[in-house]
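Working notes, structure below.
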There are 2 protein chains.
Amino acid sequence: MKFHIDPDSFGFLVNDVARLTRLEMDRRIEEAGLGFTTGEGRALIHIKRAGPVRQNVLAERLGVEAMTCSTTLDRLEAKGFIERRPDPSDRRAKLVVLTAAGEDVIERVGPIAATVREDAALGLSPAEWETFLGTLRHVRSTLTGIRESAQAQAREDAA
Amino acid sequence: MKFHIDPDSFGFLVNDVARLTRLEMDRRIEEAGLGFTTGEGRALIHIKRAGPVRQNVLAERLGVEAMTCSTTLDRLEAKGFIERRPDPSDRRAKLVVLTAAGEDVIERVGPIAATVREDAALGLSPAEWETFLGTLRHVRSTLTGIRESAQAQAREDAA
DNA sequence: TCGAGATACTAAGTAATACTTATTATCAGC
DNA sequence: GCTGATAATAAGTATTACTTAGTATCTCGA
């Protein structure tokens, strides 16, 4: 039987598109001298959205382990984009807040993200693009659900 | 103009979906005891498709620098999935070939990729899924073109 | 109330993926 | 045959992830 290797299979496609988007984004951020990566930008935007937020909550929203989140926050704190403040309601916890520099850098990355988006959408109609984004949201939601079930299962097995 | 930054913008969406797909894929590969990552699988499949191939050609197809490719091949070689053979037509170059173990592991990863794809496509009609893949292919092609132009420009600037 | 177990965070260690720069061997063109 | 380009890699760095283990603190039940 002939080998079926689909170079355009879902996994490779989505990985390629994400990789290309990230590399292009990183290149333009670098060019603009903003001094952070797409991954750090992702964290910044979630912090912006969530307001002062506990690290464990932020980790969950980012879909990473608490330790991974902590390391990312270390870098962002070193760069002066966020602060960790004690949570008055729980002395174990810390609240993550954006600094003025963090707010500023988010404002400046917006136009850059817009140029990448425009480039990615070249040759597609607005309707096609919206459909595309809608499907991406749908798939993300599906996969997030699967991942959460798997993690719950893993915790159960561990217990 | 105000730039609306949110986690549902294109860059974050596609990154999230790729991350979730990769993590889920890695989890199932791990579960099956195949002993490699999605990234390594990507390299394996490109080697399979290209046949005996020079490392620099492979690097270009993978869209990474020669050194990154070399490191990935080190891991694959250590695991016994590939071999580096001297290129008879150029003594500087090496040809990368799959071993029997490499062929075997590609066969076994196929069904795993299929389960992830099925899960990702839950709740979408076949037509919607095809449209989605078509748009991903289109965007990949657009971004690849942009990246190649940028690299050509960088080489020119360096010269 | 107090003690056990859970939770919030971090230190330490590991691994994969990616880059840059510099080096060695070899090739190709003048 | 020399010179510059090319193929691969060594060395060093950074990011993004994980696990395990440890400390401080909280919460709930006996």
Side-chain angles (χ1 to χ4, degrees), chain A residues 15-16 18-20 22-27 29-30 35-44 53-60 62-79 84-96 147 150-151 154-155 158-159, chain B residues 15-16 18-27 29-30 35-44 53-60 62-79 82 84-96 147 150-151 154-155 158-159:
Chain A
N15 239 301
D16 286 348
R19 218 187 72 251
L20 289 163
R22 185 171 37 75
L23 290 173
E24 196 54 30
M25 192 70 190
D26 283 345
R27 196 174 65 73
I29 289 172
E30 164 79 26
F36 62 96
T37 66
T38 302
E40 289 166 1
R42 184 166 166 263
L44 282 177
V53 60
R54 280 198 198 173
Q55 289 190 196
N56 62 335
V57 173
L58 183 60
E60 200 176 326
L62 291 170
V64 298
E65 294 301 315
M67 193 59 225
T68 302
C69 183
S70 186
T71 309
T72 302
L73 293 177
D74 284 347
R75 288 198 304 275
L76 290 173
E77 195 170 33
K79 290 170 182 172
R84 286 166 160 118
R85 295 191 188 154
D87 182 342
S89 74
D90 187 337
R91 274 187 291 168
R92 293 169 302 178
K94 296 172 186 173
L95 293 177
V96 180
R147 181 166 167 77
Q151 282 176 336
R155 270 194 298 277
Chain B
N15 242 303
D16 285 348
R19 217 186 74 251
L20 289 163
T21 303
R22 184 172 37 74
L23 290 173
E24 196 55 29
M25 191 72 190
D26 283 344
R27 196 174 65 73
I29 288 173
E30 164 80 25
F36 64 93
T37 65
T38 302
E40 289 166 1
R42 183 164 168 266
L44 281 178
V53 61
R54 281 198 198 171
Q55 290 190 197
N56 63 334
V57 174
L58 184 60
E60 199 176 327
L62 290 170
V64 298
E65 293 302 313
M67 193 58 226
T68 302
C69 183
S70 187
T71 310
T72 302
L73 293 176
D74 284 346
R75 288 197 306 274
L76 290 174
E77 194 170 33
K79 289 170 183 172
I82 61 129
R84 284 166 162 119
R85 295 190 187 157
D87 183 341
S89 74
D90 187 338
R91 273 187 290 170
R92 291 169 304 179
K94 295 174 188 172
L95 293 177
V96 180
R147 181 166 169 76
Q151 282 176 335
R155 268 194 300 276

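Labels below follow one simple rule: chain letters A, B, ... track the order of the sequence lines, proteins then strands, and each chain is numbered from 1. Source: prediction; values computed, not measured.
Between B:Arg27 and B:Glu30 no salt bridge is recorded (no basic side-chain N to carboxylate O distance below 4.0 Å).
Phosphate proximity of D:dT27 to A:Arg92: absent, as no side-chain N or O sits under 4.0 Å from OP1 or OP2. Contact annotation: A:Asn56 side-chain N/O to C:dT7 OP1/OP2 distance is not under 4.0 Å. Taking only side-chain nitrogens and oxygens, B:Arg22 never comes nearer than 4.0 Å to OP1 or OP2 of C:dA16. Between B:Ser70 and D:dA8 there is no side-chain polar atom (N or O) within less than 4.0 angstrom of OP1 or OP2.
Of the residues near DNA chain C, A:Lys94 and B:Thr37, the one whose nearest nucleotide (by heavy atom distance) lies more toward the 5' end is A:Lys94. In terms of position along DNA chain D, the nucleotide closest to A:Gly39 lies nearer the 5' end than the nucleotide closest to the other residue of the pair A:Met67 and A:Gly39.
Among C:dC19, D:dT25, C:dT10, the nucleotide with an atom closest to any side-chain atom of B:Val64 is C:dC19. When each of C:dT20, D:dT25, D:dC18 is scored by its nearest atom to the side-chain atoms of A:Asp90, the top-ranked nucleotide is D:dT25.
Taking atom CD1 of A:Ile29 as the reference point, atom P of D:dT15 lies 12 Å away to the nearest angstrom. We find that CD of B:Glu30 is positioned 13 Å from C1' of C:dA16, with the value rounded to whole Å. Between A:Phe36 atom CZ and D:dA14 atom C1' the separation is 16 Å, expressed in whole Å. One can place CG of B:Asp74 at 8 Å from C1' of D:dT9, the figure rounded to the nearest angstrom. In this structure, the CZ atom of A:Arg42 is 7 Å from the P atom of D:dA17, given to the nearest Å. With rounding to whole Å, B:Asp26 atom CG is found 10 Å from C:dA16 atom P. D:dA8 atom C1' lies 13 Å from atom CG of B:Leu58, rounded to whole Å. Taking atom CG on B:Leu76 and atom C1' on C:dA15, their separation rounds to 14 Å, with Å as the unit.
No contact: B:Arg27 has no heavy atom under 4.0 Å from any strand.
The side-chain heavy atoms of B:Arg84 and B:Asp74, taken from C-beta on, include a pair separated by under 4.5 Å.
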Practice task
Show your reasoning for whether side chain to side chain contact (heavy atoms under 4.5 Å, CB included) applies to B:Leu44 and B:Ile82.
Solution key: CA-CA 8 Å; B:Leu44 281 178; B:Ile82 61 129; 3.9 Å; yes
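Counted by atom type alone, B:Asp26 and B:Thr38 present one or more donor-acceptor pairs between their side chains at under 3.5 Å.
With hydrogens and angles ignored, no donor-acceptor pair under 3.5 angstrom links the side chain of B:Arg91 to the base of C:dT26.
Distance check, rounded to the nearest 0.5 Å: NZ of B:Lys94 to CD of B:Glu77 gives 8.0 Å.
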